**Q** 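Take a look at this one; I'll ask things after.
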Amino acid sequence: MRPKSRFVALAIVAGVGLTVQVSLSGMTVRVGFDKTFDFKAVRTWAWNPKGAGDVIMGRTPDDKPETMKRIAEPWIRDAAATQMASRKLEQATAEPDVTITYYLLLTTGTSAQTMGQFLPATTAWGLPPFAPATQSLQVMNQGSLVLDLSAKGNVIWRGVAQAQIKLDTDDKKREALLREGVRDLLRKFPPKT
């Protein structure tokens with residue numbers, strides 16, 4: 001498991017009770033939720049009053065998270081509103097049952113394989129058969145969309161959609177990928193307990 005994936009998985013497990021993983025068309029979707037929360041009582045939702053979400057970028061020194069947020073936030077908000085409405089949940093004008101916060105994480109990751117990586121550190125007689133050498137190295141841009149649903153200040157449901165992305169992707173493909181991520185995540189809400 002890559003370090004970033006391990007961090008996201010630990011964050012999900014630490015924040016909520018149960019975790020489910022599904023792979024859909026190159027996108028990995030993980031959902032976790034608080035098993036003690038009564039999701040049947042949820043009727044209304046709203047965006048987090050402190051801000052709908054945030055974009056965090058860690059690819060190059062020239063990253064401009066504000067620009068990406070200005071582009072991506074309307075797509076995420078619209079897709080989430082559409083998905084919540086399809087679940088017969090109304091956007092609240094007063095105190096909502098749950099609030100939604102999104103996080104869009106864009107980073108670069110690596111995957112490497114070395115010769116002998118699956119062998120023990122030394123053989124039975126104490127000498128390694130060969131020096132470890134990198135045989136495969138892959139560098140890829142990764143994106144993660146995190147949706148948190150909170151009630152009374154506590155995260156009760158968290159979904160994470162991850163995919164490899166291309167820097168030169170046009171806005172239509174970016175929008176489609178974000179909408180697909182929101183749809184695939186909220187397809188798992190409310191959880192079946």
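None of the values given here were measured: they were computed from a predicted structure. This chain uses plain numbering: 1 for the first residue, then up along the sequence.
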**Q** I'd like to check the ring pair (Phe, Tyr, Trp, His ring centres under 6.0 Å) partners of Trp75; sequence neighbours left out, ordered by chain and number.
**A** none
**Q** Under 3.5 Å, is there a donor on one side chain and an acceptor on the other for Gln162 and Arg30?
**A** yes
**Q** Find the distance between CZ (Arg174) and CG (Asp171) and round it off to the nearest 0.5 Å.
**A** 5.5 Å
**Q** Please report the interatomic distance CG(Asp34) to CZ(Arg158), rounded to the nearest 0.5 Å.
**A** 12.0 Å
**Q** Distance check, rounded to the nearest 0.5 Å: Gln83 atom CD versus Asp184 atom CG?
**A** 8.5 Å
**Q** Which atom pair, heavy atoms only, marks the closest approach of Ala72 to Leu104?
**A** CB-CD2, 3.9 Å
**Q** How close do Phe39 and Ile156 get, counting heavy atoms only, and between which atoms?
**A** CZ-O, 3.4 Å
**Q** Would you call Asp170 and Lys173 a salt bridge, using N to O less than 4.0 angstrom?
**A** no
**Q** Just to verify, what does Glu73 make a salt bridge (Lys or Arg N to Asp or Glu O under 4.0 Å) with, not counting sequence neighbours?
**A** Lys69, Arg77
**Q** With heavy-atom distances below 4.5 Å as the criterion, would you say the side chains of Tyr103 and Leu147 are in contact?
**A** no
**Q** Determine, step by step, whether Lys188 and Phe33 satisfy the side chain to side chain contact (heavy atoms under 4.5 Å, CB included) criterion, reporting the C-alpha distance in whole Å, the side-chain angles of both residues, the deciding distance to 0.1 Å, and the verdict.
**A** CA-CA 10 Å; Lys188 306 270 183 214; Phe33 59 92; over 6 Å; no
**Q** Return yes if some donor-acceptor pair links the side-chain N/O of Arg87 with the main-chain N/O of Phe189 below 3.5 Å, else return no.
**A** yes
**Q** Mind listing the side-chain donor-acceptor pairs of residues 94-101 below 3.5 Å, one per line with the distance, residues two or more places apart or on another chain?
**A**
{"residue": "Asp97", "atom": "OD2", "partner": "Arg43", "partner atom": "N", "Å": "2.6"}
{"residue": "Asp97", "atom": "OD2", "partner": "Thr44", "partner atom": "N", "Å": "3.0"}
{"residue": "Asp97", "atom": "OD2", "partner": "Thr44", "partner atom": "OG1", "Å": "3.4"}
{"residue": "Thr101", "atom": "OG1", "partner": "Asn48", "partner atom": "ND2", "Å": "2.9"}

**Q** Heavy atoms only: give me the nearest Trp45-Leu89 pair and the separation to one decimal.
**A** NE1-O, 3.7 Å
**Q** Let's go through Gln91 and Met84 carefully: what are the C-alpha distance in whole Å and the side-chain angles of both, what is the deciding distance for side chain to side chain contact (heavy atoms under 4.5 Å, CB included) to 0.1 Å, and is it a yes or a no?
**A** CA-CA 8 Å; Gln91 192 163 0; Met84 295 301 268; over 6 Å; no
**Q** What verdict does the side chain to side chain contact (heavy atoms under 4.5 Å, CB included) test give for Tyr102 and Trp47, after you've listed the backbone C-alpha separation in whole Å, the side-chain angles of each residue and the deciding distance to 0.1 Å?
**A** CA-CA 9 Å; Tyr102 79 85; Trp47 289 101; 4.3 Å; yes
**Q** So which heavy atom on Leu185 is nearest to which on Leu145, and how close?
**A** CD1-O, 3.8 Å
**Q** For Glu90, I'd like to know if atom CD has over 12 heavy atoms of other residues, nucleotides or ligands within 6.0 Å.
**A** no
**Q** Heavy-atom distance under 4.5 Å between the side chains of Glu66 and Ile71, does that happen here?
**A** no
**Q** Applying side-chain hydrogen bond (donor to acceptor under 3.5 Å, both in side chains), run through Ser150 and Asp148 and close with a yes or a no.
**A** CA-CA 6 Å; Ser150 302; Asp148 281 350; 5.8 Å; no
**Q** Got a salt bridge between Arg179 and Glu175, using NZ or NE/NH1/NH2 to carboxylate O under 4.0 Å?
**A** yes
**Q** Begin from the C-alpha positions of Leu149 and Phe37 and carry the test side chain to side chain contact (heavy atoms under 4.5 Å, CB included) through to its verdict.
**A** CA-CA 12 Å; Leu149 275 72; Phe37 185 80; over 6 Å; no
**Q** At what distance, to the nearest 0.5 angstrom, does CD1 of Ile76 lie from CG of Leu178?
**A** 5.0 Å
